[in-house]
Amino acid sequence: MSSDLNVPMGSPAPGVSERAPDGAGMDYRDWVRRSYLELVSSNHHSVQALSWRKLYLSRAKLKAASRTSALLSGFAMVAMVEVELGVNYEYPRPLLIAFSVCTTILVAVHLFALLISTCILPNVEAVSNIHNLNSVSESPHERMHYYIELAWGFSTALGILLFLAEVVLLCWIKFLPVGSGEVKPSVEPSTTSQVPNSGWHAALASTIIMVPVGVIFLVFTIHFYRSLVRHKTKRHDDEIEELQKIKFQLDGHERGLQNV
């Protein structure tokens, strides 16, 4: 009878003994070490996420700059080639010089932005298509940051301003000979400005419309960049506060570890 009741009472003990060392091994020092590793790994992932955001932003800027520059430079070249100058009309010399200089600078600025985008964008695209968190360091977007911003500024701010000026000058060249009536002798160049015709009024109307548009564009550009800088500053302040909180937590854990 005693042999039948001789049940191994130590059978559930191994489970308890296996759980006991785990609970006993997880002391305060191990918990601080594990918390520290978790904080370091989360900070590492946040830095990588920030680098990936910068990469995607640089890629978007390069794509927008290349498309805008190709479009506006093509329009400027077509406008310069397809414009029909009146053979029997004597244009003011400053108007022709201004149109030539504005068109040349406009094409040069957009082609420079297109050159930067074409050179940098394939390298950024090659890294962004790799689905690996550690491959972000292979992208040249951080080293070429100033060139990317230069291409972005040339294509959007300076390039669009030059394009607005190009439209105004093109309107003057296109509409100024309209309604002149007769050939203006070269001896009296002031006759064209003293006797306004319908073409002169049309060119003046386009200039009056385009001047407020240019002012609105400048105001919007300044406001946009100030808002963007303010947003980046606020985001960096939040990140600094988060890092300070992590530092205080680590300092508290180190003091607790020293007390133990």
Side-chain angles (χ1 to χ4, degrees), residues 40 42-77 80 98 100-167 213-244 246:
V40 170
S42 64
N43 188 21
H44 178 67
H45 288 302
S46 64
V47 170
Q48 285 186 343
L50 180 61
S51 299
W52 277 102
R53 285 197 300 268
K54 290 181 179 179
L55 186 143
Y56 288 134
L57 179 61
S58 300
R59 185 181 68 172
K61 285 184 176 181
L62 290 173
K63 284 185 176 181
S66 62
R67 293 172 183 172
T68 305
S69 297
L71 185 64
L72 295 183
S73 61
F75 281 159
M77 288 297 298
M80 186 176 62
S100 176
V101 171
C102 182
T103 305
T104 306
I105 296 177
L106 174 62
V107 174
V109 165
H110 282 295
L111 287 182
F112 183 70
L114 186 61
L115 174 65
I116 295 176
S117 302
T118 306
C119 293
I120 302 178
L121 185 58
N123 299 290
V124 177
E125 286 279 359
V127 177
S128 63
N129 293 328
I130 300 175
H131 301 286
N132 187 5
L133 293 177
N134 297 323
S135 62
V136 67
S137 59
E138 300 177 2
S139 175
H141 66 281
E142 292 186 356
R143 179 174 294 181
M144 300 293 179
H145 174 70
Y146 295 104
Y147 296 101
I148 295 173
E149 294 296 330
L150 184 63
W152 172 255
F154 275 7
S155 179
T156 55
L158 182 59
I160 295 179
L161 282 176
L162 289 173
F163 188 78
L164 294 178
E166 176 82 6
V167 171
V213 172
V215 173
I216 293 173
F217 176 79
L218 285 175
V219 172
F220 174 76
T221 303
I222 295 173
H223 175 71
F224 172 76
Y225 278 103
R226 289 184 63 184
S227 301
L228 187 62
V229 170
R230 192 180 301 114
H231 171 70
K232 289 184 177 180
T233 304
K234 184 178 182 302
R235 186 168 57 83
H236 288 313
D237 291 339
D238 295 338
E239 291 178 356
I240 290 174
E241 291 180 0
E242 184 178 358
L243 290 176
Q244 287 180 353
I246 294 175

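- With sequence neighbours left out, the side chain to side chain contact (heavy atoms under 4.5 Å, CB included) criterion links A65 to S117, S155.
- Atoms CD1 and OH, from I120 and Y147 in turn, are 8.5 Å apart once rounded to the nearest 0.5 Å.
- Nearest heavy atoms, L114 versus S66: CD1-O, 3.5 Å.
- How far CG of L121 is from CD1 of I148: 9.0 Å, rounded to the nearest 0.5 Å.
- Nearest heavy atom pair, residue V109 against residue F154, reads CG1-O, 3.6 Å.
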*List the steps, then state whether side-chain contact (heavy atoms from CB on, under 4.5 Å) holds for H110 with M77.*
CA-CA 11 Å; H110 282 295; M77 288 297 298; over 6 Å; no
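- Annotation: the span from L111 atom CG to I116 atom CD1 amounts to 11.5 Å, rounded to 0.5 Å.
- Within the structure, salt bridge (charged side-chain N to carboxylate O under 4.0 Å, His left out) pairs that include any residue of residues 141-157 comprise K61-E149 (at least two apart or interchain).
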*Can you list the steps and then say if Y56 with R53 is a side-chain contact (heavy atoms from CB on, under 4.5 Å)?*
CA-CA 5 Å; Y56 288 134; R53 285 197 300 268; 5.9 Å; no
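- Once rounded to the nearest 0.5 Å, the distance linking SG of C102 with CG of L162 reads 5.5 Å.
- Annotation: the span from H145 atom NE2 to L57 atom CG amounts to 9.0 Å, rounded to 0.5 Å.
- The structure places CD1 of I105 at 9.5 Å from OG of S100, a figure rounded to the nearest 0.5 Å.
- Of all heavy-atom pairs spanning G159 and L106, the tightest one is O-CD1, 3.4 Å.
- Side-chain contact between P122 and E125 is absent, with no heavy atoms from C-beta onward closer than 4.5 Å.
- Proximity of T221 to T156: side-chain heavy atoms (C-beta onward) are nowhere separated by under 4.5 Å.
- Remark: Y225 engages W152 in a side chain to side chain donor-acceptor pair (under 3.5 Å) (not counting sequence neighbours).
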